[in-house]
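To start, the structure under review is shown below, and the notes come after it.
Protein chains get the first letters and strands the later ones, always in sequence-line order, with residue 1 at the start of each.
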Amino acid sequence: MTELWQESARALAQKVRDREVSALDVAEAHLARALRWNDHVGAFLHLEPDDVRRQARELDRRVAAGADLGPLAGVPVAIKDNMCVTGMPTTCASRFLEPYESPWDAHAITKLREADAILFGKTNLDEFAMGSSTENSAFGPTRNPYALDRTAGGSSGGSAAAVAAGLVPLALGSDTGGSIRQPAAFCGIVGLKPSYGVVSRYGLVAFASSLDQIGPLARDVDDAALLLDVIGGHDPRDATSSVHSLKDLNGDVGSLRGMRIGIPTEYFGEGLAPEVRAAVGAAHATLTGRGATVTEVSLPLTKFGIAVYYIVAPSEASSNLARYDGVRFGTRGDGDDVSSMFQTSRGDGFGPEVKRRILLGTFALSSGYYDAYYGRAQKVRAALRAEMEAAFDDVDVLLTPTTPTVAFELGEKAQDPLAMYLNDVLTVSANLCGTPAISVPCGRSSDGMPIGLQLIGPRFGEASLLRVARAYENAAEMGYRWPAEPGA
Amino acid sequence: MKYRVLIGMEVHLQLRTKSKMFCRCPVRFGAPPNTLTCPVCLGMPGALPVPNRDAMIRAIALARALDCDIATDTKFDRKNYFYPDLPKGYQISQFDRPLATGGCVEIVTEEGIKRIRLRRIHIEEDVGKNIHEDGSKLSRVDFNRAGTPLVEIVSEPDIASPEEAHKYLDALRAVVRYLDISDANMQEGNLRCEPNVNIHIETEDGVVKTPIVEVKNLNSMRNVERAAICEIARHQELYRELGAKVADLPRSTCGFDDQTDKTFVMRQKEEAHDYRYFPEPDIPPIQIGSAWLGTANDMVPELPRAKRQRFADDYGLSAYDAENLCRERSTADYFETVVKAGAAAKPTANWLLGDVSFHAKERQVAIAALGLAASRLASMVNLVEEGKVSRKAAEKDLLPRMIAEGADPAQLVTDLGLAQVDDSSVLEEAARQAIAQNPKAAADFRAGKEKALNALKGLVMRETRGKANPTVVESVLRNILETE
Ligand SMILES: [Zn+2]
C-alpha cells in the first residue's frame with residue numbers, strides 16, 4: 001500500500017477534497033517522516049510540528065464547513081528559507097538574519113495560502129542562496145538522501161532533499177544560476193526555473209535581482225506544473241513581474257510529433273562525466289521514439305556564461321546585501337560609531353562566500369572598472385540572449401545535461417570556489433537569458449546517484465517545455481526510487 | 001582683479017504626491033517618527049520598488065515647463081553608499097539616462113531676460129532623517145521621509161552673480177508653484193539647493209580658474225546669496241595668496257553657518273565616494289509615451305514668463321509690476337478677477353503690490369487667501385479712482401475692515417462718513433479761508449513758487465478733516481489765486 005508521504009501532491013489534494021483523508025492525517029504522515037529524517041539530511045532550518053498541525057486542523061474545519069478548497073488543499077509545501085513567511089523565521093541561512101522574522105508574506109506564499117497549502121517549514125540553503133552545495137549555510141549543510149556523505153546540491157539543497165526523501169511532496173526553491181535545477185538533478189527529482197517574471201519576486205530575499213526566480217521542486221512533472229500554476233501570475237508589487245499569463249501547463253501527454261529538440265554541442269564538452277553523457281544520450285533516443293526530431297545546434301557564446309554570471313550576480317548582490325547594516329533589523333554588532341557598527345554587523349553576520357561575492361561585485365562596479373567588468377558583462381549577456389533567442393527559431397526546446405557530474409562529496413569543493421562555480425556551467429545561461437528550464441531525472445550512475453537532464457525553452461514557453469518533460473518522464477518509465485532509511 | 005563668477009545650481013525638489021516614489025506610503029510632513037513607512041521604504045528583505053506614475057508625470061510636466069528635451073527611454077540606477085538614513089544601502093536615482101536634458105530657467109536682470117541653461121533633470125528618492133540628541137551617544141533614525149519623490153534640477157554654470165543665483169531660485173520656484181507640483185519651501189526642506197561656485201580670473205597669462213566649491217546646508221534663498229558672496233571673496237583671497245597655483249587645489253564641499261555668515265570647508269573631493277552606479281535591476285527601463293506626455297502637458301498652465309508678457313501687453317503694467325504680480329499664480333489670477341470685476345488694472349496692481357500685500361505678509365498668507373472678495377476690492381479701487389473716498393481713508397479705514405470683517409466698502413464709506421467732499425462751492429469757502437490765514441503762501445505761489453500751494457492745500461484738508469478731494473481742492477485754489 002502506498003503511504004501518504006509517498007503520494008503526489010495532486011493525489012493528496014484530491015483525497016483531502018474528497019474527505020478520504022483529513023489534512024491532519026496528511027500533515028502527521030509527513031511530520032513523522034520529516035522529524036525522523038531531518039537529523040540525517042539537515043533539510044529543514046525551521047520545522048514546528050504544532051504550527052503544521054494548527055494549519056491542518058484549521059483546514060479540516062473549513063472542509064467540515066463545506067468550504068471550496070484550493071488546488072493544494074492540505075498539501076504540505078516546504079519553503080526555501082529566503083522567502084518571507086509570517087510566523088516563521090526568514091534567515092537566508094545567515095547569522096545576520098538569524099533573529100529575523102518577516103512581518104509580511106512573499107507573493108508566492110500568499111498564493112500558497114490561497115491555494116490551501118500547508119506551509120510545512122523553511123528549508124536549508126547556501127547563505128543568501130550563494131553556493132551550489134548548501135555547505136555555505138551558517139547552520140550546517142544539507143546531505144543528499146541517497147548518500148549522506150554527498151551534497152544535495154545548492155542553493156535550494158534543503159528543498160530538494162526534503163522532496164526527494166518524501167518529507168514533503170512539494171517545495172519552493174529559488175534559482176539564480178541553477179539553484180533549483182542542480183539540487184533537483186543531484187536528488188533525482190524535478191526542478192523548474194520559470195521564465196524571468198513569471199513568479200513575483202516580492203518577498204524573495206534578493207540575491208541577484210535580474211536573475212532570481214522562484215520555482216517548484218517536485219517528484220514528477222505534473223506536480224511541478226501544479227505548483228507553478230499556483231504561484232505564477234502577475235503581481236503589481238514586482239515591477240519585473242510579467243503580465244504574460246501561462247496557459248495549458250497541465251496539458252495531456254500525447255505525442256511529440258513535430259516537436260523539434262535541439263542538442264547544443266557546447267553543453268557536451270570537456271568535464272562532462274561519461275555516465276551523465278550516456279544517460280542524456282539515452283534520453284534523445286527516448287524522445288525520438290516519442291516522435292520528436294532531434295538536431296544538433298550550436299551556441300558558441302555559452303562558454304562565456306559563467307564569466308558573465310560571476311560578474312553580474314555578485315555585482316547585484318553587493319548592492320542587494322547593503323541593506324544588512326544593523327540599523328533596522330537582523331544582528332547589530334558593537335561599535336563606537338556608525339561606521340564600526342556597520343563593520344562588525346556585516347563582518348560577524350556574513351559568512352566567507354557572501355563576503356567573497358560582495359567584494360567581487362563591489363570591485364566589478366567600481367569607478368574605473370565598471371566598463372571592463374559590469375558594462376562588458378551586460379553586453380555579452382545581451383549577445384548571449386540574442387543567440388539563445390535565435391536558436392529557438394529552429395527548435396522548440398534545448399536538451400542538455402543539468403550538471404556535469406552527479407552529486408559530489410561534501411567538502412570536496414568547499415575549499416575551491418572556482419571549481420564550485422564551474423558546477424553552474426550548464427545552468428546559468430537560462431538565468432542570463434530569462435528563459436524557463438527544467439531538470440528531470442534521467443537515470444542513475446553506477447553508484448546509484450541521480451542524473452538529471454535539462455530542457456530549456458524560449459521565454460514564456462513553459463507549456464511546451466512541460467509537455468516535452470512530461471512526455472519524456474512517461475516514456476522513460478523510471479518510476480520513483482525512494483532513498484534507503486537513514487541509519488538502516 | 002578682473003574676474004567672472006560662475007555658479008551652477010543643483011536643486012532638489014520634493015514632489016507633492018499622494019504616495020512615495022516607490023511604495024504606497026503617504027507623503028506627509030510632521031507625522032510621528034516611522035509611522036509613514038512600509039517594507040519597501042524601510043528596505044526590508046524581499047521588498048521591491050514600483051515607480052509612482054504620478055511622480056513621473058509631475059516631473060515630466062516640470063521638464064516641459066522648463067523647455068527640456070524629455071527622454072523617450074529612461075531608466076533608474078542605484079547609487080550605492082552606506083549611511084544610517086539610507087535604508088537599502090543605495091538610493092534609487094538616475095545616472096546616465098535622466099528623465100530630461102537641456103531646457104532653461106529665465107531670469108529678469110537689468111540687461112533684460114537671461115536664460116540659465118539646464119543640464120539635466122532626474123528623479124530619485126529622498127532619504128530618512130538622522131536625529132542626534134545633544135549630549136547623548138544615541139542616534140535615532142526617522143524613515144518617514146525616506147522614499148519621498150525628489151526631482152534634481154542641475155543647471156549649467158550660467159549664473160554670474162549671487163544676485164542672479166537668488167533670482168534663478170525665485171524663477172524656478174515660481175514655475176514649480178505654477179505647476180502646483182511642490183510646496184517648494186526652503187525652510188521646510190522641500191526645496192534644497194547646492195550652488196557650485198568658482199571664479200575665472202583674467203590675468204596677463206590667461207584665465208585662472210579657481211576650484212569649484214559645492215555649498216551645502218542652505219535653508220533660505222538669502223543664505224544662498226550670502227554663501228555665494230562669501231565664497232567669491234574667499235576665492236579672490238585664495239588667488240591673492242596662491243596666484244595661478246589656486247587652479248591646482250582640489251574641488252571641495254563647504255557648509256554655511258548663518259550665525260557667523262561664513263562658509264567652511266567640509267571635505268575635499270579626493271575623499272569623495274565612488275557610488276558604483278549601475279542600472280536598477282528591480283525596475284525595467286521606462287518608455288515615456290504619448291499618454292504620459294499628454295497628461296503632463298495638460299498640467300502645464302500659462303507660465304510666469306508668458307503671463308508677465310500678457311499682463312504688460314493687455315493691462316499696460318510695468319515690467320516690475322507684472323513680474324511681481326506673476327510670482328504667485330494665485331496672486332496673478334486674483335488680480336485678473338479684480339480687474340474683471342470692473343476695477344482699472346494699474347491702480348489694482350498698485351493696491352495689490354502695496355497695501356494688500358502688506359496685510360498678506362502680516363498674516364503670512366497669499367494675497368488670494370486673505371479672504372478679500374475680488375468684487376469688494378474692485379469696488380474699493382473704483383471708489384478711490386472716482387474720488388468718492390480718499391486714498392488714505394481707503395488704506396486706513398476700508399481695507400483693514402474689509403479684510404477683517406468682509407465689509408462692503410461702499411457701506412463703510414456711508415457708515416463711517418468717509419465720503420469725500422468734492423462740491424467746489426463748499427471747498428471754495430474753505431480755500432478762501434486758507435488764503436486769508438496764510439497770505440505769504442498765496443503771495444509766494446503768485447510769485448511762481450509752485451510748492452507754496454501745498455501749504456494752502458494742507459490747510460484746506462485740515463479744515464475739511466481730510467474728506468476733501470485733493471484734486472478738486474487744488475483746482476479750486478489755482479482758480480482763485482490765478483484769477484483774482
Ligand atoms: Zn513605504
Original post:
Could you walk me through whether B:Met44 and A:Tyr100 pass the side-chain contact (heavy atoms from CB on, under 4.5 Å) check?
Top reply: CA-CA 10 Å; B:Met44 293 177 84; A:Tyr100 183 70; 3.2 Å; yes
Subject >> Contact origin within A:Val327 toward chain B - heavy atom pairs under 4.5 Å >> reply: side chain
Original post:
From A:Ser318 OG over to B:Asn80 CG, what is the distance, rounded to the nearest 0.5 angstrom?
Top reply: 6.0 Å
**OP:** Evaluate the ring planes of A:Tyr374 and B:Phe278, with Trp represented by its six-membered ring, and classify them as parallel (under 30°), tilted (30 to 60°) or perpendicular (over 60°).
**Re:** perpendicular
Subject >> For B:Pro284 against A:Thr240, the heavy-atom pair lying closest together >> reply: CD-CG2, 4.1 Å
**OP:** Give a yes or no on whether A:Asp337 atom CG has more than 12 heavy-atom contacts from other residues, nucleotides or ligands under 6.0 Å away.
**Re:** yes
**OP:** State, to 0.1 Å, how close B:Tyr90 and A:Ser319 come at their nearest heavy-atom pair, and which atoms those are.
**Re:** CD2-OG, 3.2 Å
**OP:** Flag yes if more than 12 heavy atoms outside A:Tyr373 fall under 6.0 Å of its OH atom; otherwise flag no.
**Re:** no
Subject >> Top contributor to chain A contacts, counting heavy-atom pairs under 4.5 Å, from B:Cys23, B:Pro39, B:Pro51, B:Pro45 >> reply: B:Pro45
**OP:** Quick one: closest heavy-atom pair of A:Thr362 and B:Arg276, and the distance?
**Re:** O-CD, 3.5 Å
Subject >> Which atoms of A:Asn320 approach chain B - backbone, side chain, both or neither, heavy atom under 4.5 Å >> reply: both
Original post:
Relative to chain B, which of A:Cys92, A:Ser210, A:Ser367 shows the most heavy atom pairs under 4.5 Å?
Top reply: A:Ser367
**OP:** Mark yes when over 12 heavy atoms from residues, nucleotides or ligands other than A:Phe139 sit less than 6.0 Å from its CZ; otherwise mark no.
**Re:** yes
**OP:** Compare all side-chain heavy atoms of A:Arg328 with those of B:Val141 and state whether any distance is below 4.5 angstrom.
**Re:** no
Original post:
If you take all heavy atoms of A:Arg323 and B:Gly43, which pair is closest and at what distance?
Top reply: CD-O, 3.2 Å
Original post:
Quick one: what part of A:Ser102 sits under 4.5 Å from any heavy atom of chain B, side chain, backbone, both or neither?
Top reply: neither
**OP:** Answer yes or no: are there more than 12 heavy-atom neighbours, outside A:Arg376 itself, under 6.0 Å from its atom CZ?
**Re:** no
**OP:** Below 4.5 Å from any heavy atom of chain A, which atoms of B:Tyr83 appear? Answer side chain, backbone, both or neither.
**Re:** backbone
**OP:** Please state whether the side chain, the backbone, both or neither of B:Tyr275 comes within less than 4.5 Å of a heavy atom of chain A.
**Re:** neither
Original post:
Highest number of heavy-atom pairs under 4.5 Å with chain A: which of B:Ser139, B:Pro84, B:Gly89, B:Pro279?
Top reply: B:Pro84
**OP:** Search all heavy atoms of A:Tyr196 against all heavy atoms of B:Pro281 and return the closest pair with its distance.
**Re:** OH-O, 4.1 Å
Original post:
Closest approach of B:Arg78 and A:Ser209, non-hydrogen atoms and distance?
Top reply: NH2-OG, 3.7 Å
Subject >> Residue A:Tyr369 excluded, over 12 heavy atoms near OH under 6.0 Å >> reply: no
Original post:
Any chance NZ of A:Lys355 has more than 12 other-residue heavy atoms, nucleotides or ligands included, within less than 6.0 Å?
Top reply: yes
Original post:
Does a sphere of radius 6.0 Å around CG in A:Asp334 hold more than 12 heavy atoms from other residues, nucleotides or ligands, not counting ones at 6.0 Å or beyond?
Top reply: no
Original post:
Is B:Val40 close to A:Tyr202 at the side-chain level, that is, under 4.5 Å between some pair of heavy atoms?
Top reply: yes
